[in-house]
Amino acid sequence: MKESAESPCRRHDCHECCLDTRMTLTEDDVLRLEDAGFRDFSRLNSAADLELVNRDGACLFLRDGRCGVYHLRPEGCRYYPFIVDLGSGRVVRDDFCPHRDEFTLSGSMILELRRS
């Protein structure tokens, strides 16, 4: 899967979400990346959840402003800037994303986000 040149991230040359990321990982994310030969890309956070490792203030997979594992990227990265608000259970756009209003949300994405 290749990143679309029409995506807000590409149009704005943005990778803010990859800086100082606290992206949690699913078991499937870990298996997919390990099967591709990657190691030492995760750590346990204070809540005992696996999350991506940062190096020098950025996701270790960030290369020249682009995701070096785009076709294997974690589920949370695939859906970002959409997140589940844990208080309400609603799918919302993350306020941190500077281009959040340019992303569209489909009904199938809502279902997938809620199940994860």
Side-chain angles (χ1 to χ4, degrees):
M1 184 182 314
K2 191 173 181 188
E3 183 181 13
S4 165
E6 296 301 313
S7 77
C9 306
R10 291 288 300 267
R11 278 197 313 272
H12 297 286
D13 195 27
C14 185
H15 56 266
E16 287 292 317
C17 59
C18 303
L19 304 178
D20 295 317
T21 182
R22 291 176 291 148
M23 183 59 66
T24 56
L25 300 169
T26 66
E27 289 180 29
D28 287 342
D29 294 333
V30 172
L31 290 173
R32 187 172 52 256
L33 289 162
E34 286 179 344
D35 285 348
F38 293 101
R39 302 287 179 266
D40 302 323
F41 56 85
S42 64
R43 69 177 193 91
L44 282 178
N45 63 21
S46 60
D49 294 318
L50 280 176
E51 67 180 27
L52 281 173
V53 167
N54 285 273
R55 294 234 169 91
D56 299 321
C59 173
L60 78 151
F61 292 125
L62 186 66
R63 303 276 188 272
D64 298 319
R66 298 278 178 256
C67 181
V69 294
Y70 188 80
H71 63 291
L72 300 170
R73 70 194 184 283
E75 187 175 278
C77 299
R78 293 174 192 267
Y79 293 121
Y80 195 82
F82 298 104
I83 58 173
V84 175
D85 179 303
L86 297 177
S88 69
R90 291 185 16 222
V91 174
V92 298
R93 288 179 178 91
D94 190 353
D95 288 337
F96 178 76
C97 177
H99 309 291
R100 65 189 163 276
D101 294 331
E102 297 178 40
F103 288 85
T104 56
L105 180 64
S106 70
S108 62
M109 284 175 65
I110 291 172
L111 293 174
E112 290 175 34
L113 276 163
R114 284 189 176 150
R115 98 177 142 68
S116 51

Between Arg11 and His99, is a side-chain contact (heavy atoms from CB on, under 4.5 Å) present by the stated rule, with each step listed? CA-CA 10 Å; Arg11 278 197 313 272; His99 309 291; over 6 Å; no

Tell me, with the steps shown, if Arg66 and His15 meet side-chain contact (heavy atoms from CB on, under 4.5 Å). CA-CA 7 Å; Arg66 298 278 178 256; His15 56 266; 5.7 Å; no

Can you list the steps and then say if Asp29 with Arg32 is a salt bridge (Lys or Arg N to Asp or Glu O under 4.0 Å)? CA-CA 5 Å; Asp29 294 333; Arg32 187 172 52 256; 2.6 Å; yes

For Phe41 and Leu25, run side-chain contact (heavy atoms from CB on, under 4.5 Å): C-alpha distance rounded to whole Å, both residues' side-chain angles, the deciding distance at 0.1 Å, then the answer. CA-CA 10 Å; Phe41 56 85; Leu25 300 169; 4.1 Å; yes

I would like to know whether Phe103 and Cys9 meet side-chain contact (heavy atoms from CB on, under 4.5 Å); could you show each step before the answer? CA-CA 10 Å; Phe103 288 85; Cys9 306; 3.8 Å; yes

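Tracing side-chain contacts under 4.5 Å through hydrophobic residues (I, L, V, M, F, W, Y), one never reaches Leu86 starting from Tyr79; they form parts of separate clusters. In the hydrophobic clustering of this structure, Tyr70 does not group with Met23; members are Ile, Leu, Val, Met, Phe, Trp, Tyr whose side-chain heavy atoms approach within less than 4.5 Å, directly or through other members. Neither Val91 nor Tyr80 shares a network with the other; the hydrophobic side chains, linked directly or stepwise wherever heavy atoms of I, L, V, M, F, W or Y lie under 4.5 Å apart, form separate groups for each.
With Arg100 contributing its side chain and Asp95 its backbone, the two residues share a donor-acceptor pair below 3.5 Å. The backbone N or O of Glu51 lies less than 3.5 Å from no partner atom in the side chain of Arg22, so there is not a single donor-acceptor pair.
Side chains of Cys77 and Cys67 form no contact here, defined as non-hydrogen atoms less than 4.5 Å apart. Residues Leu19 and Leu62 are in side-chain contact: their nearest non-hydrogen atoms beyond the backbone lie under 4.5 Å apart. Using a 4.5 Å heavy-atom cutoff, the side chains of Thr24 and Leu50 are not in contact.
Shortest non-hydrogen contact noted between Arg55 and Asp40 is NH2-O, 3.8 Å. Pairing each heavy atom of Arg43 with each of Val53, the nearest pair is N-CG2, 4.0 Å.
Under the rule for a salt bridge (charged side-chain N to carboxylate O under 4.0 Å, His left out), Arg63 has no partner lying at least two apart in sequence or in another chain. Annotation: salt bridge (charged side-chain N to carboxylate O under 4.0 Å, His left out) contacts of Glu34 (sequence neighbours excluded): none.
In this structure, OG1 on Thr21 lies 11.5 Å from CD on Glu16, to the nearest 0.5 angstrom. Expressed to the nearest 0.5 Å, how far CZ of Phe61 lies from CG of Leu33 amounts to 5.0 Å. For the atom pair SG of Cys18 and CG of Asn54, the computed distance is 9.5 Å after rounding to the nearest 0.5 Å. Annotation: the span from Arg73 atom CZ to Cys59 atom SG amounts to 12.0 Å, rounded to 0.5 Å. In this structure, the separation between CG on Leu72 and CZ on Phe38 is 6.5 Å, given to the nearest 0.5 Å. Atom CG of Asp49 and atom OG1 of Thr26 lie 11.5 Å apart (nearest 0.5 Å).
Counting heavy-atom neighbours within 6.0 Å of Asp56 CG, excluding the residue itself, gives a total of 12 or less.
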